[in-house]
Enquirer: 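Once you've had a glance at the structure underneath, I'll fire off some questions.
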Amino acid sequence: MAVRACGLIIYRRLRPAPPSKAADSIEYLLLQTSYGTHHWTPPKGHVDPGEDDLQTAFRETQEEAGLQASQLTLIDGYRKELHYPVHGKPKTVVYWLAEVKDHDTEIKLSEEHQAFQWLKLEDACKFVEYEDMQAMLKEVHQFLFSKE
């Protein structure tokens, strides 16, 4: 049976938006792990017994980044599953998309992470090592601009 984890891709819009193009007005939140290879990732974690996937995503975001559900707006219509092996076992990670309501909301890291950054798409894709995560960030970006 696959290990299951859930998380949120969190973004914010810069204010004021750069006049050149709207695509430059979005930054994504990435957290750097304090273990292993210190990779960069959106907040995510394993599903606890009795929890549904979305509850897990919000709980993990609160634990890892200090963001309460009330500080976020869940974006309808986006849900993505990634499947990959970890230590030889299959893992499924389900992501939703959420925007912070206040651009200046403080991020409070847990001990699981040692740093965070708000990054534009191009930089975020450089920070995340995995191609499926890079592809998902690009997909999210296109999704956001298809809604405008």
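All residue numbers in this chain count up from 1 along the given sequence.
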Enquirer: With a 4.5 Å cut-off on side-chain heavy atoms, are Val93 and Tyr84 touching?
Expert: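 Of all side-chain heavy-atom pairs linking Val93 with Tyr84, at least one is under 4.5 Å.
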
Enquirer: Roughly how far, to the nearest 0.5 Å, is CD of Gln134 from CG of Leu121?
Expert: 10.0 Å

Enquirer: At what distance, to the nearest 0.5 angstrom, does CZ of Phe145 lie from OG of Ser25?
Expert: 5.0 Å

Enquirer: Set out, in order, the CA-CA distance, both residues' side-chain angles and the distance that settles side chain to side chain contact (heavy atoms under 4.5 Å, CB included) for His39 and Val128, then state yes or no.
Expert: CA-CA 7 Å; His39 64 281; Val128 297; over 6 Å; no

Enquirer: If you round to the nearest 0.5 Å, how far is CG of Leu30 from NE2 of His113?
Expert: 10.0 Å

Enquirer: Check the angle between the aromatic planes of Tyr11 and Tyr28 and answer parallel, tilted or perpendicular using the 30° and 60° thresholds.
Expert: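 Aromatic pair Tyr11/Tyr28 classed tilted.
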
Enquirer: Would the distance check show the side chain of Thr73 and the main-chain N or O of Lys101 forming a donor-acceptor pair, the cut-off being under 3.5 Å?
Expert: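 Such a contact is absent between Thr73 side chain and Lys101 backbone.
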
Enquirer: Mind jotting down which residue pairs meet the salt bridge (charged side-chain N to carboxylate O under 4.0 Å, His left out) criterion with at least one end in residues 54-64? Sequence neighbours excluded, please.
Expert: Asp48-Arg59, Glu51-Arg59, Arg59-Glu63

Enquirer: How long is the straight-line distance from SG of Cys6 back to CG of Asp53, given to the nearest 0.5 Å?
Expert: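 Asp53 atom CG to Cys6 atom SG measures 3.5 Å (nearest 0.5 Å).
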
Enquirer: If the condition is ring-ring contact (aromatic ring centres under 6.0 Å, His included), which residues does Tyr95 pass it with, not counting sequence neighbours?
Expert: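 Tyr95 satisfies ring-ring contact (aromatic ring centres under 6.0 Å, His included) with no other residue.
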
Enquirer: Using a 4.5 Å cut-off on heavy atoms from C-beta on, say whether the side chain of Glu99 contacts that of Arg13.
Expert: yes

Enquirer: What salt bridge (charged side-chain N to carboxylate O under 4.0 Å, His left out) pairs are there with at least one residue in residues 127-141, not counting sequence neighbours?
Expert: Lys80-Glu139

Enquirer: Just wondering, do Thr33 and Gln114 contact through their side chains at under 4.5 Å, heavy atoms?
Expert: no

Enquirer: Heavy atoms only: give me the nearest Gly45-Thr56 pair and the separation to one decimal.
Expert: O-CG2, 3.5 Å

Enquirer: Does a side-chain heavy-atom distance below 4.5 Å link Asp123 with Gln117?
Expert: no

Enquirer: Can you confirm whether Glu111 sits close enough to Tyr35 that some side-chain heavy atom of one is under 4.5 Å from a side-chain heavy atom of the other?
Expert: no

Enquirer: With heavy-atom distances below 4.5 Å as the criterion, would you say the side chains of Leu14 and Ile26 are in contact?
Expert: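 Side chain of Leu14 against side chain of Ile26, heavy atoms only: no contact under 4.5 Å found.
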
Enquirer: Can you tell me if Lys44 uses its side chain to pair, donor with acceptor, with the backbone of Ala5 under 3.5 Å?
Expert: no

Enquirer: Through direct or indirect side-chain contacts below 4.5 angstrom among Ile, Leu, Val, Met, Phe, Trp and Tyr, which residues connect to Leu109?
Expert: Leu8, Ile10, Leu29, Leu31, Leu54, Phe58, Leu67, Leu72, Leu74, Val94, Trp96, Val100, Ile107, Phe116, Trp118

Enquirer: Could you tell me which residues satisfy side-chain hydrogen bond (donor to acceptor under 3.5 Å, both in side chains) with His83, sequence neighbours excluded, listed by chain and number?
Expert: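 With sequence neighbours excluded, His83 shows a side-chain hydrogen bond (donor to acceptor under 3.5 Å, both in side chains) to Glu81, Thr92, given in chain and number order.
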
Enquirer: Are Val86 and Val47 joined in one hydrophobic group, where the rule is that I, L, V, M, F, W and Y side chains link up if heavy atoms are under 4.5 Å apart?
Expert: no

Enquirer: Can you list everything that forms a side-chain contact (heavy atoms from CB on, under 4.5 Å) with Gln62? Sequence neighbours excluded, please.
Expert: Gln68

Enquirer: Would you mind checking if Arg12 and Asp104 are paired as a salt bridge, meaning a charged N to carboxylate O distance below 4.0 Å?
Expert: no

Enquirer: Measuring from atom CD of Gln32 to atom OG1 of Thr41, what distance do you get when rounded to the nearest 0.5 angstrom?
Expert: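 Rounded to the nearest 0.5 Å, the CD-OG1 separation comes out at 11.5 Å.
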
Enquirer: Does Glu27 come within less than 4.0 Å of Lys120, counting only side-chain N to carboxylate O?
Expert: no

